[in-house]
Amino acid sequence: MPELPEVETVTQSVKKHLINNRFTSLKVNWGKTLHNFTVADFNSRIKNKLIRDVYRRGKYILIDLNKSLLAVHLRMTGKLYASNAIDKSKKHISLYLKLNDKYLIFEDTRKFGRFYMFDNMDYLNEKLGVEPLLDDFSTDWILYNMKKKNRQIKPLLLDQSFICGIGNIYADEALWHAKIHPLSISSRISRKKLLKLREGIIKVLQESIKKGGTTIRDYTYDFVYVGNYSLNLNVFGKQGESCSRCQSSIVKTNVAQRGTHYCPKCQKK
DNA sequence: CCATGAACCTGGTCGC
DNA sequence: TGCGACCAGGTTCATG
(Lines give C-alpha, C1' and ligand atoms only; values in the text may rest on other atoms or scores of the structure.)
Protein backbone atom coordinates (compact mmCIF):
# COMPACT_ATOMS: atom_id res chain seq x y z
CA MET A 1 0.00 0.00 0.00
CA PRO A 2 2.22 2.72 1.18
CA GLU A 3 4.62 5.23 -0.23
CA LEU A 4 5.29 8.64 1.22
CA PRO A 5 1.85 10.17 0.48
CA GLU A 6 -0.02 7.16 1.86
CA VAL A 7 2.19 7.01 4.96
CA GLU A 8 1.68 10.74 5.48
CA THR A 9 -2.08 10.28 5.17
CA VAL A 10 -2.11 7.42 7.67
CA THR A 11 0.15 9.35 10.04
CA GLN A 12 -2.19 12.31 10.10
CA SER A 13 -5.24 10.12 10.51
CA VAL A 14 -3.90 8.26 13.56
CA LYS A 15 -2.22 11.30 15.08
CA LYS A 16 -5.40 12.88 16.40
CA HIS A 17 -6.28 9.66 18.23
CA LEU A 18 -2.87 9.24 19.80
CA ILE A 19 -1.53 12.59 20.80
CA ASN A 20 -1.77 13.30 24.55
CA ASN A 21 -3.04 9.78 25.02
CA ARG A 22 -1.34 6.66 26.45
CA PHE A 23 -1.01 3.05 25.37
CA THR A 24 -2.19 0.78 28.18
CA SER A 25 -1.43 -2.62 26.67
CA LEU A 26 -0.06 -4.44 23.64
CA LYS A 27 -1.43 -7.65 22.15
CA VAL A 28 0.70 -9.41 19.54
CA ASN A 29 -0.76 -12.01 17.20
CA TRP A 30 2.15 -12.27 14.75
CA GLY A 31 5.41 -12.29 16.71
CA LYS A 32 7.71 -11.15 13.93
CA THR A 33 5.89 -7.83 13.81
CA LEU A 34 7.98 -6.67 16.79
CA HIS A 35 11.31 -6.29 15.04
CA ASN A 36 13.71 -5.20 17.77
CA PHE A 37 11.81 -5.29 21.05
CA THR A 38 9.56 -7.47 23.18
CA VAL A 39 6.28 -7.06 25.00
CA ALA A 40 8.33 -6.71 28.21
CA ASP A 41 10.20 -3.78 26.62
CA PHE A 42 6.87 -2.26 25.70
CA ASN A 43 5.64 -2.61 29.26
CA SER A 44 8.67 -0.95 30.75
CA ARG A 45 9.25 1.80 28.22
CA ILE A 46 6.02 2.65 26.44
CA LYS A 47 3.08 1.49 28.48
CA ASN A 48 1.25 4.39 30.21
CA LYS A 49 3.70 6.95 28.87
CA LEU A 50 2.36 10.15 27.38
CA ILE A 51 2.38 10.28 23.57
CA ARG A 52 3.90 13.63 22.71
CA ASP A 53 3.88 13.63 18.95
CA VAL A 54 3.21 11.54 15.85
CA TYR A 55 5.02 12.21 12.60
CA ARG A 56 6.48 10.68 9.46
CA ARG A 57 10.08 10.16 8.30
CA GLY A 58 10.47 8.44 4.93
CA LYS A 59 7.95 5.60 5.01
CA TYR A 60 8.09 5.26 8.79
CA ILE A 61 5.39 6.45 11.16
CA LEU A 62 6.97 7.70 14.38
CA ILE A 63 5.24 7.86 17.73
CA ASP A 64 7.20 9.99 20.17
CA LEU A 65 6.90 8.98 23.83
CA ASN A 66 9.54 11.38 25.08
CA LYS A 67 12.19 8.86 26.09
CA SER A 68 11.31 6.25 23.46
CA LEU A 69 10.14 6.18 19.87
CA LEU A 70 7.75 3.62 18.50
CA ALA A 71 8.19 3.30 14.73
CA VAL A 72 5.85 1.57 12.30
CA HIS A 73 6.62 0.47 8.77
CA LEU A 74 3.60 -0.65 6.76
CA ARG A 75 5.61 -2.40 4.02
CA MET A 76 3.20 -3.78 1.40
CA THR A 77 -0.16 -4.36 3.07
CA GLY A 78 0.02 -2.85 6.54
CA LYS A 79 -2.95 -0.83 7.73
CA LEU A 80 -2.81 1.25 10.88
CA TYR A 81 -6.00 2.74 12.26
CA ALA A 82 -7.80 3.64 15.45
CA SER A 83 -11.06 1.94 16.31
CA ASN A 84 -13.42 1.58 19.25
CA ALA A 85 -13.44 -2.20 19.02
CA ILE A 86 -11.47 -5.16 17.70
CA ASP A 87 -13.31 -6.78 14.83
CA LYS A 88 -12.88 -10.50 15.46
CA SER A 89 -13.79 -11.29 11.88
CA LYS A 90 -10.59 -9.65 10.61
CA LYS A 91 -8.13 -12.42 9.78
CA HIS A 92 -4.91 -10.46 9.67
CA ILE A 93 -4.59 -8.29 12.75
CA SER A 94 -0.87 -8.64 13.47
CA LEU A 95 -1.12 -6.66 16.70
CA TYR A 96 -3.10 -4.01 18.48
CA LEU A 97 -2.43 -1.47 21.21
CA LYS A 98 -5.05 -0.43 23.70
CA LEU A 99 -5.55 3.23 24.49
CA ASN A 100 -7.79 4.56 27.24
CA ASP A 101 -10.95 4.52 25.20
CA LYS A 102 -10.02 2.86 21.91
CA TYR A 103 -7.54 0.68 20.06
CA LEU A 104 -4.74 1.29 17.62
CA ILE A 105 -4.95 -1.65 15.25
CA PHE A 106 -2.30 -2.98 12.88
CA GLU A 107 -3.74 -5.17 10.19
CA ASP A 108 -1.35 -6.71 7.70
CA THR A 109 -2.32 -9.42 5.23
CA ARG A 110 1.15 -10.27 4.03
CA LYS A 111 2.81 -9.91 7.44
CA PHE A 112 5.76 -7.87 6.17
CA GLY A 113 4.98 -4.84 8.32
CA ARG A 114 7.17 -4.12 11.35
CA PHE A 115 7.19 -2.18 14.62
CA TYR A 116 10.47 -0.87 16.02
CA MET A 117 11.51 0.78 19.24
CA PHE A 118 14.28 3.38 19.24
CA ASP A 119 15.82 5.70 21.81
CA ASN A 120 15.88 8.55 19.32
CA MET A 121 16.00 9.28 15.59
CA ASP A 122 19.72 8.65 15.14
CA TYR A 123 19.37 5.21 13.59
CA LEU A 124 16.71 6.24 11.07
CA ASN A 125 18.42 9.49 10.23
CA GLU A 126 21.57 7.54 9.51
CA LYS A 127 19.75 5.01 7.39
CA LEU A 128 17.43 7.26 5.40
CA GLY A 129 18.28 9.73 2.67
CA VAL A 130 16.93 13.18 1.97
CA GLU A 131 13.25 13.98 2.56
CA PRO A 132 11.94 14.92 -0.87
CA LEU A 133 9.42 17.45 0.45
CA LEU A 134 11.89 19.41 2.57
CA ASP A 135 14.22 22.19 1.46
CA ASP A 136 17.21 19.83 1.73
CA PHE A 137 16.05 18.27 -1.54
CA SER A 138 17.31 21.24 -3.48
CA THR A 139 18.29 21.69 -7.10
CA ASP A 140 21.92 21.67 -6.00
CA TRP A 141 21.35 18.45 -4.09
CA ILE A 142 19.94 16.53 -7.02
CA LEU A 143 22.48 17.81 -9.55
CA TYR A 144 25.38 16.99 -7.27
CA ASN A 145 24.22 13.62 -5.97
CA MET A 146 22.92 12.12 -9.22
CA LYS A 147 26.32 12.77 -10.77
CA LYS A 148 28.05 10.88 -7.98
CA LYS A 149 26.17 7.65 -8.72
CA ASN A 150 26.38 5.41 -11.74
CA ARG A 151 23.12 3.68 -11.25
CA GLN A 152 19.97 2.94 -13.19
CA ILE A 153 17.65 5.77 -12.27
CA LYS A 154 14.59 3.72 -11.37
CA PRO A 155 16.25 1.55 -8.70
CA LEU A 156 18.11 4.62 -7.48
CA LEU A 157 14.81 6.43 -6.90
CA LEU A 158 13.63 3.42 -4.91
CA ASP A 159 16.77 3.44 -2.73
CA GLN A 160 15.58 4.82 0.62
CA SER A 161 19.10 5.72 1.69
CA PHE A 162 19.29 8.13 -1.25
CA ILE A 163 15.89 9.81 -1.32
CA CYS A 164 13.34 8.42 1.13
CA GLY A 165 9.65 7.93 0.64
CA ILE A 166 9.47 7.27 -3.10
CA GLY A 167 8.10 3.87 -4.07
CA ASN A 168 7.16 2.07 -7.25
CA ILE A 169 4.19 4.23 -8.24
CA TYR A 170 5.74 7.65 -7.76
CA ALA A 171 9.09 6.60 -9.23
CA ASP A 172 7.36 5.72 -12.50
CA GLU A 173 5.21 8.84 -12.41
CA ALA A 174 8.13 11.17 -11.70
CA LEU A 175 10.24 9.64 -14.49
CA TRP A 176 7.38 10.09 -16.93
CA HIS A 177 7.05 13.71 -15.85
CA ALA A 178 10.75 14.30 -16.56
CA LYS A 179 10.79 12.22 -19.78
CA ILE A 180 13.53 9.97 -18.43
CA HIS A 181 13.86 6.28 -19.35
CA PRO A 182 13.82 4.10 -16.20
CA LEU A 183 17.14 2.47 -17.15
CA SER A 184 19.00 5.75 -17.75
CA ILE A 185 22.22 5.97 -15.77
CA SER A 186 21.95 8.69 -13.15
CA SER A 187 25.32 10.30 -13.86
CA ARG A 188 24.53 10.66 -17.55
CA ILE A 189 21.15 12.38 -17.23
CA SER A 190 21.16 15.98 -18.42
CA ARG A 191 20.99 18.85 -15.98
CA LYS A 192 17.72 19.93 -17.52
CA LYS A 193 16.10 16.53 -17.03
CA LEU A 194 17.38 16.23 -13.47
CA LEU A 195 15.75 19.52 -12.59
CA LYS A 196 12.57 18.30 -14.23
CA LEU A 197 12.84 15.07 -12.24
CA ARG A 198 13.12 16.94 -8.96
CA GLU A 199 10.09 19.00 -9.91
CA GLY A 200 8.19 15.84 -10.87
CA ILE A 201 8.99 14.06 -7.62
CA ILE A 202 7.79 17.01 -5.54
CA LYS A 203 4.73 17.50 -7.69
CA VAL A 204 3.47 13.91 -7.67
CA LEU A 205 4.09 13.50 -3.94
CA GLN A 206 2.44 16.78 -2.99
CA GLU A 207 -0.56 16.33 -5.23
CA SER A 208 -1.04 12.80 -3.99
CA ILE A 209 -0.96 13.93 -0.36
CA LYS A 210 -3.66 16.46 -1.20
CA LYS A 211 -5.82 13.64 -2.48
CA GLY A 212 -5.10 11.32 0.42
CA GLY A 213 -2.70 9.06 -1.47
CA THR A 214 -3.27 6.36 -4.05
CA THR A 215 -5.45 3.35 -3.47
CA ILE A 216 -5.11 0.56 -5.99
CA ARG A 217 -6.33 -2.51 -4.19
CA ASP A 218 -8.78 -1.86 -1.42
CA TYR A 219 -10.35 -5.00 -0.04
CA THR A 220 -11.95 -3.55 3.04
CA TYR A 221 -11.66 0.06 3.81
CA ASP A 222 -13.97 0.29 6.78
CA PHE A 223 -11.65 2.31 8.92
CA VAL A 224 -9.02 2.95 6.35
CA TYR A 225 -8.63 5.92 4.12
CA VAL A 226 -9.15 5.58 0.41
CA GLY A 227 -6.94 7.85 -1.62
CA ASN A 228 -8.01 9.37 -4.89
CA TYR A 229 -4.69 10.03 -6.53
CA SER A 230 -5.12 7.01 -8.80
CA LEU A 231 -7.16 9.31 -11.02
CA ASN A 232 -4.03 11.36 -11.68
CA LEU A 233 -1.71 8.54 -12.69
CA ASN A 234 -0.14 8.81 -16.11
CA VAL A 235 1.81 5.57 -16.49
CA PHE A 236 1.48 3.34 -13.43
CA GLY A 237 -0.90 0.52 -14.27
CA LYS A 238 -1.58 2.11 -17.65
CA GLN A 239 0.14 -0.45 -19.88
CA GLY A 240 -1.57 -0.62 -23.24
CA GLU A 241 -3.23 2.75 -22.77
CA SER A 242 -2.10 5.79 -24.70
CA CYS A 243 0.31 8.32 -23.26
CA SER A 244 -1.51 11.53 -22.34
CA ARG A 245 1.36 13.54 -23.89
CA CYS A 246 2.13 11.75 -27.15
CA GLN A 247 -0.54 9.05 -27.56
CA SER A 248 2.02 6.22 -27.79
CA SER A 249 1.16 3.02 -26.01
CA ILE A 250 2.45 2.78 -22.43
CA VAL A 251 4.75 -0.19 -21.90
CA LYS A 252 5.28 -2.31 -18.79
CA THR A 253 8.59 -4.05 -18.17
CA ASN A 254 10.60 -5.26 -15.22
CA VAL A 255 13.39 -3.23 -13.70
CA ALA A 256 15.09 -4.45 -10.56
CA GLN A 257 12.29 -6.96 -10.02
CA ARG A 258 9.64 -4.27 -10.00
CA GLY A 259 6.91 -3.67 -12.54
CA THR A 260 7.95 -0.53 -14.42
CA HIS A 261 5.70 1.56 -16.61
CA TYR A 262 6.85 4.15 -19.11
CA CYS A 263 6.17 5.74 -22.47
CA PRO A 264 8.69 4.39 -25.02
CA LYS A 265 8.35 7.52 -27.14
CA CYS A 266 8.53 10.26 -24.49
CA GLN A 267 11.06 8.50 -22.28
CA LYS A 268 14.12 7.71 -24.36
CA LYS A 269 17.39 6.55 -22.84
C1' DC B 1 30.21 0.30 -6.35
C1' DC B 2 26.38 -1.86 -8.71
C1' DA B 3 23.07 -5.38 -10.49
C1' DT B 4 20.47 -9.53 -9.79
C1' DG B 5 17.83 -13.06 -7.52
C1' DA B 6 15.80 -14.94 -3.55
C1' DA B 7 13.40 -14.54 0.70
C1' DC B 8 9.70 -12.93 3.67
C1' DC B 9 3.78 -13.83 3.26
C1' DT B 10 -1.17 -14.02 1.59
C1' DG B 11 -4.59 -13.44 -1.70
C1' DG B 12 -6.40 -11.80 -6.19
C1' DT B 13 -6.52 -12.46 -11.12
C1' DC B 14 -5.83 -14.63 -15.49
C1' DG B 15 -5.53 -18.43 -18.71
C1' DC B 16 -6.71 -23.13 -19.72
C1' DT C 1 -15.57 -24.56 -11.04
C1' DG C 2 -10.78 -25.85 -10.37
C1' DC C 3 -5.88 -25.32 -10.58
C1' DG C 4 -1.42 -23.56 -11.47
C1' DA C 5 1.25 -19.53 -12.66
C1' DC C 6 2.04 -15.00 -11.92
C1' DC C 7 1.44 -10.62 -9.77
C1' DA C 8 1.30 -7.07 -5.80
C1' DG C 9 2.27 0.08 -3.30
C1' DG C 10 8.66 -2.92 0.34
C1' DT C 11 12.99 -4.20 2.32
C1' DT C 12 17.02 -7.11 3.20
C1' DC C 13 20.54 -10.39 2.30
C1' DA C 14 23.72 -13.10 -0.47
C1' DT C 15 26.24 -13.53 -4.67
C1' DG C 16 29.00 -12.12 -8.81
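Letters go in sequence order (proteins before strands), and every chain restarts at 1.
- Atom NE2 in A:His35 sits about 13 Å away from atom P in B:dC9, given to the nearest Å.
- Listed by chain and number, the residues in a side chain to side chain contact (heavy atoms under 4.5 Å, CB included) with A:Ala171 are A:Lys154, A:Leu157, A:Leu158, A:Ile166 (sequence neighbours excluded).
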If you restrict it to nitrogen or oxygen atoms, what contacts under 3.5 Å exist between nucleotides 12-16 of chain C and the protein, and what is each distance?
| unit_1 | atom_1 | unit_2 | atom_2 | d |
| --- | --- | --- | --- | --- |
| C:dT12 | OP1 | A:Lys127 | NZ | 2.5 |

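- On a pure distance criterion of 3.5 Å, a polar donor-acceptor pair joins the side chain of A:Arg110 and the base of C:dA8.
- Cation-pi geometry between A:Arg198 and A:Trp141 is not met at under 6.0 angstrom from the ring centre and within 45 degrees of the axis.
- Contact check on A:Lys211 versus A:Glu207 returns no salt bridge, with no Lys/Arg side-chain nitrogen under 4.0 Å from an Asp/Glu carboxylate oxygen.
- In the set B:dC2, B:dA3, C:dG10, the nucleotide with an atom closest to the side chain of A:Asn150 is B:dC2.
- When atom types are taken as modelled, the side chain of A:Glu173 and the backbone of A:Asn234 share a donor-acceptor pair closer than 3.5 angstrom.
- The side chain of A:His92 has B:dT10 as its nearest neighbour among B:dT10, B:dA3, B:dC9.
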Canonical and wobble pairing (Watson-Crick, G-U, under 3.5 Å) of DNA chain C, dot-bracket with |: .|||||||.|||||||
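- No engagement by A:Tyr170 is indicated, since no non-hydrogen atom pair under 4.0 Å with the nucleic acid exists.
- Using a cutoff of 4.0 Å between basic side-chain nitrogens and carboxylate oxygens, A:Asp53 and A:Lys15 are scored as salt-bridged.
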